Amino acid sequence: HHPDKSGSTTLRVNNQADKVEISLDGVKKPHILRIHMPIAPRTIELDGIVLTENCYFDPQTEKLTIKTSNYQEGHYTIYK
């Protein structure tokens with residue numbers, strides 16, 4: 001649930017050998033995803049569109065950070 005009582009958002013993760021799929025359902029809100037990954041992803045897509053901004057992989061912490069202000073469906077595909 002969101003602190004402003006505007007509803008809730010559900011996050012679902014499907015981790016496969018070649019990709020990670022993340023889906024958001026419910027109230028659409030700006031968000032930051034921090035994902036543990038041992039290597040940098042090849043490509044990151046949001047709703048079928050390749051993200052070129054607001055994504056950062058830190059090799060020292062092995063964390064991928066994705067900042068999103070708005071989105072249509074909320075379906076991320078991260079190709080390993």
Side-chain angles (χ1 to χ4, degrees):
H1 295 281
H2 297 288
D4 64 3
K5 302 192 187 308
S6 61
S8 63
T9 302
T10 302
L11 181 125
R12 291 184 177 82
V13 178
N14 182 8
N15 189 7
Q16 301 174 23
D18 61 337
K19 64 185 173 184
V20 177
E21 295 178 320
I22 300 172
S23 296
L24 303 173
D25 295 314
V27 176
K28 294 179 179 165
K29 293 278 190 175
H31 55 271
I32 299 172
L33 300 177
R34 288 188 39 122
I35 304 160
H36 178 78
M37 298 188 78
I39 59 172
R42 289 184 294 126
T43 306
I44 303 166
E45 294 180 357
L46 173 57
D47 300 331
I49 299 169
V50 175
L51 295 180
T52 57
E53 297 180 350
N54 300 320
C55 324
Y56 174 73
F57 178 76
D58 184 340
Q60 290 183 331
T61 62
E62 298 183 345
K63 298 286 184 200
L64 171 64
T65 302
I66 304 171
K67 296 180 182 181
T68 303
S69 297
N70 54 51
Y71 54 95
Q72 295 298 313
E73 297 174 26
H75 181 79
Y76 291 90
T77 305
I78 303 165
Y79 295 94
K80 298 178 183 178

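Keep in mind the model is a prediction, meaning the values are calculated, not measured. Note that these values count all heavy atoms, side chains included, but never hydrogens, waters or copies made by symmetry.
A donor-acceptor pair is defined here as one N or O able to donate and one able to accept, closer than 3.5 Å; such a pair exists between the side chain of T9 and the backbone of V27. When atom types are taken as modelled, the side chain of H31 and the backbone of K29 share a donor-acceptor pair closer than 3.5 angstrom.
When every heavy atom of S23 is checked against every heavy atom of H75, the shortest pair comes out as OG-ND1, 3.0 Å.
Grouping Ile, Leu, Val, Met, Phe, Trp and Tyr residues whose side-chain heavy atoms lie under 4.5 Å apart, directly or via other members, leaves V50 alone, with no other cluster members. Grouping Ile, Leu, Val, Met, Phe, Trp and Tyr by side-chain contacts under 4.5 Å, direct or through others, puts F57 with L11, V13, V20, I22, L24, L33, I35, M37, I44, L46, L51, L64, I66, Y71, Y76, I78.
Remark: N15 pairs with K80 by the side chain to side chain donor-acceptor pair (under 3.5 Å) rule, at least two apart or across chains. For T65, there are no side chain to side chain donor-acceptor pair (under 3.5 Å) partners two or more places apart in sequence or in a different chain. For T61, the side chain to side chain contact (heavy atoms under 4.5 Å, CB included) criterion is met by D58, K63, not counting sequence neighbours.
Surrounding CD of Q16 are more than 12 heavy atoms belonging to other residues, nucleotides or ligands, all under 6.0 Å away.
Residues in residues 37-56 take part in no side chain to side chain donor-acceptor pair (under 3.5 Å) pair, two or more places apart or across chains. Contacts classified as salt bridge (Lys or Arg N to Asp or Glu O under 4.0 Å) and involving residues 6-20 (residues at least two apart or in different chains) are given here: R12-D25, K19-E21.
The structure places CD of Q60 at 10.5 Å from CD of E62, a figure rounded to the nearest 0.5 Å.
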